[in-house]
Amino acid sequence: MFPNPLPTWPTQINIHAVDAAIDNDQVLNGGSTTADRRISFVTALPPVTRSTALASPYKLVVVAGSWTRANADGSSASDILRLYVCRFADSETE
């Protein structure tokens, strides 16, 4: 039996890959506009971490910042987790 991932999911960014070709090509989805899309779970990213799970297929690096509880003007806000998505040309260290 698989462990229950739900207790950790609300505190992480869940990254998925979606196959958009099925939306763009009616032949791929049998002519249906409501065909089931292919969505794959890639990784779960906790706060203050960097993920290179998307580096090879998409040339993307995703960085999760820390939780914030205030707006830029100092007023209170809901919990905010900043997320940075960086696309690179040659190397993930750019």
Side-chain angles (χ1 to χ4, degrees):
M1 182 164 173
F2 295 107
N4 183 359
L6 292 179
T8 60
W9 281 20
T11 61
Q12 298 182 8
I13 299 295
N14 294 295
I15 300 174
H16 300 267
V18 179
D19 183 3
I22 201 163
D23 290 332
N24 298 333
D25 189 342
Q26 294 297 312
V27 175
L28 287 177
N29 65 16
S32 170
T33 57
T34 59
D36 193 20
R37 276 82 179 148
R38 288 180 236 141
I39 302 172
S40 305
F41 175 77
V42 176
T43 189
L45 188 61
V48 195
T49 55
R50 177 178 184 267
S51 174
T52 58
L54 299 170
S56 178
Y58 304 107
K59 294 190 174 193
L60 290 174
V61 173
V62 180
V63 178
S66 59
W67 286 104
T68 337
R69 292 199 64 121
N71 291 322
D73 64 1
S75 62
S76 63
S78 300
D79 290 333
I80 298 169
L81 180 61
R82 296 190 189 274
L83 181 68
Y84 304 91
V85 180
C86 306
R87 187 163 188 118
F88 60 86
D90 298 314
S91 168
E92 65 189 58
T93 58
E94 290 177 11

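Each residue takes its place number in the sequence, starting with 1.
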Practice prompt. Check whether any side-chain heavy atom of L54 sits under 4.5 Å from a side-chain heavy atom of I15, and report yes or no.
Written response: yes
Fill in: Non-neighbouring partners of S40 that pass side chain to side chain donor-acceptor pair (under 3.5 Å), sequence neighbours left out
none
Which atoms form the tightest heavy-atom contact between [X] and [Y], and what is the distance?
{"X": "R50", "Y": "E92", "value": "NH2-O, 3.0 Å"}
{"X": "A17", "Y": "V42", "value": "N-CG2, 3.8 Å"}
{"X": "P46", "Y": "Q12", "value": "CA-CG, 3.9 Å"}
{"X": "P47", "Y": "L81", "value": "CB-CD1, 3.9 Å"}

Worksheet item: When hydrophobic residues are tied together by side-chain contacts of less than 4.5 Å, even through go-betweens, does V61 share a cluster with I13?
Response: no
Discussion item. Taking L83 as the starting point, is it possible to reach F88 by hopping between hydrophobic residues whose side chains are less than 4.5 Å apart?
Written reply: no
Response to the item:
To the nearest 0.5 Å, atom CG of L45 lies from atom CG of N14 at 9.5 Å
Fill in: From S91 atom OG to K59 atom NZ, the distance as rounded to the nearest 0.5 Å
10.0 Å
Worksheet item: Residues in side chain to side chain contact (heavy atoms under 4.5 Å, CB included) with V48, at least two apart?
Response: S66
